[in-house]
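Accompanying notes for the structure given below.
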Amino acid sequence: MSMPPSPPTSDFPPRPRFALDLRLCVIANHWGARRAVGLFFIGVSRLGDGVFWYTLMLTLGLLGGQRGLFAALHMAATGLTALLLYQALKRWTKRPRPYRACPGVNAHLPPLDEFSFPSGHTMQAVSFTVVALAWYPQLAPLLLTFTTLVAASRVVLGLHYPSDVLAAIVLGGGLGGLSLWLASTVA
């Protein structure tokens with residue numbers, strides 16, 4: 001499903017420091033216009049809405065004994081914090097989504113909220129991955145691959161700029177690391 005672009009809401013052409021960000025966004029978005037690619041990344045993005053992570057937490061909680069339950073609760077607490085943080089940042093920065101601000105970029109999936117910076121999907125995926133891998137490092141191939149695909153999906157689908165995703169990786173990694181540090185001081 002491709003949404004038509006809205007009229008640009010920001011100055012165009014972009015300032016030089018944003019030109020690369022925009023170019024990469026347009027290239028990835030055009031790649032996502034291919035039916036198979038678009039459908040793949042729509043599926044990844046839908047799983048990244050929460051289904052994948054909630055299923056993982058439920059599985060760990062039910063099958064992992066006390067360790068799994070603690071891991072699931074730790075992930076849930078970190079995820080809630082990430083949610084509150086990225087919602088506040090989006091309201092503060094109010095960066096328009098690429099499909100609204102950049103000619104040639106289409107949304108291949110309706111966004112869950114209005115603003116672009118930072119990518120909430122990516123921030124959640126990275127923070128969940130950092131916490132889950134601290135508890136279960138053997139999940140690294142699955143979680144690192146899925147998190148990478150979630151981050152890429154946000155740009156390919158026209159919902160985020162690469163800089164939104166990079167910032168979310170840093171913020172999510174920092175948040176996951178901070179939650180691990182806090183948990184180690186409590187334990």
Side-chain angles (χ1 to χ4, degrees), residues 1 3 28 32 36-91 97 107-160 162 164-187:
M1 172 179 151
M3 297 174 56
V37 173
L39 289 174
F40 174 77
F41 281 110
I42 286 171
V44 167
S45 187
R46 292 282 191 211
L47 286 172
D49 285 348
V51 173
F52 179 88
W53 303 111
Y54 302 142
T55 302
L56 177 61
M57 285 183 254
L58 183 63
T59 302
L60 293 176
L62 292 176
L63 303 179
Q66 187 175 16
R67 178 179 176 79
L69 181 60
F70 287 148
L73 292 173
H74 191 171
M75 288 175 67
T78 304
L80 178 60
T81 305
L83 173 71
L84 297 172
L85 177 60
Y86 79 73
Q87 285 179 338
L89 286 170
K90 284 185 181 210
R91 282 190 306 269
R97 292 193 180 266
H108 300 297
L109 185 70
L112 297 178
D113 56 44
E114 184 178 358
F115 300 114
S116 177
F117 183 87
S119 167
H121 279 74
T122 304
M123 185 186 287
Q124 292 274 20
V126 171
S127 64
F128 283 141
T129 296
V130 167
V131 172
L133 292 183
W135 289 91
Y136 293 95
Q138 65 272 27
L139 293 175
L142 171 67
L143 298 184
L144 293 174
T145 300
F146 183 68
T147 296
T148 301
L149 290 171
V150 167
S153 78
R154 308 314 289 164
V155 180
V156 169
L157 297 175
L159 301 174
H160 290 283
D164 297 336
V165 170
L166 291 174
I169 290 168
V170 171
L171 291 167
L175 182 60
L178 178 63
S179 77
L180 292 171
W181 177 77
L182 288 171
S184 73
T185 62
V186 172

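- Proximity of Asp113 to Arg97: side-chain heavy atoms (C-beta onward) are separated by under 4.5 Å at one or more points.
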Leu182 vs Val186, side-chain contact (heavy atoms from CB on, under 4.5 Å): CA-CA, chis, key distance, verdict: CA-CA 6 Å; Leu182 288 171; Val186 172; 5.6 Å; no
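- Taking Phe117 as the reference, Thr93, Arg95, Asp164, Ala167 meet the side-chain contact (heavy atoms from CB on, under 4.5 Å) condition, with sequence neighbours excluded.
- By the neighbour-count criterion of 12 heavy atoms within 6.0 Å, atom OH of Tyr136 is densely surrounded, having more than that number from other residues, nucleotides or ligands.
- Annotation: the span from Gln124 atom CD to Met75 atom CE amounts to 10.0 Å, rounded to 0.5 Å.
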Name every donor-acceptor pair, under 3.5 Å, that has one atom in a side chain of residues 78-88 and the other anywhere in the protein, sequence neighbours excluded.
| unit_1 | atom_1 | unit_2 | atom_2 | d |
| --- | --- | --- | --- | --- |
| Thr78 | OG1 | His74 | O | 2.9 |
| Thr78 | OG1 | Ser179 | OG | 3.1 |
| Thr81 | OG1 | Ala77 | O | 2.9 |

Let me check something: any side-chain donor-acceptor pairs from residues 53-66 under 3.5 Å, sequence neighbours excluded? List them with distances.
| unit_1 | atom_1 | unit_2 | atom_2 | d |
| --- | --- | --- | --- | --- |
| Thr55 | OG1 | Val51 | O | 2.7 |
| Thr59 | OG1 | Thr55 | O | 2.7 |

side-chain contact (heavy atoms from CB on, under 4.5 Å) evaluation trace for Leu166 with His160: CA-CA 10 Å; Leu166 291 174; His160 290 283; over 6 Å; no
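- Every residue meeting the side-chain contact (heavy atoms from CB on, under 4.5 Å) condition with Val130, not counting sequence neighbours, appears here in chain and number order: Val126, Leu180.
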Worked check of side-chain contact (heavy atoms from CB on, under 4.5 Å) between Trp135 and Arg67: CA-CA 8 Å; Trp135 289 91; Arg67 178 179 176 79; 3.8 Å; yes
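- Partners of Ser119 according to the side-chain hydrogen bond (donor to acceptor under 3.5 Å, both in side chains) rule, which considers only residues two or more places apart in sequence or in another chain, are Thr122.
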Please tabulate, one pair per line, all N/O donor-acceptor pairs under 3.5 Å involving side-chain atoms of residues 145-159, not counting sequence neighbours.
| unit_1 | atom_1 | unit_2 | atom_2 | d |
| --- | --- | --- | --- | --- |
| Thr145 | OG1 | Pro141 | O | 2.7 |
| Thr147 | OG1 | Thr129 | OG1 | 2.6 |
| Thr147 | OG1 | Leu143 | O | 2.9 |
| Thr148 | OG1 | Leu144 | O | 2.8 |
| Ser153 | OG | Val150 | O | 2.7 |
| Arg154 | NH1 | Ser45 | OG | 2.4 |
| Arg154 | NH2 | His121 | ND1 | 3.3 |

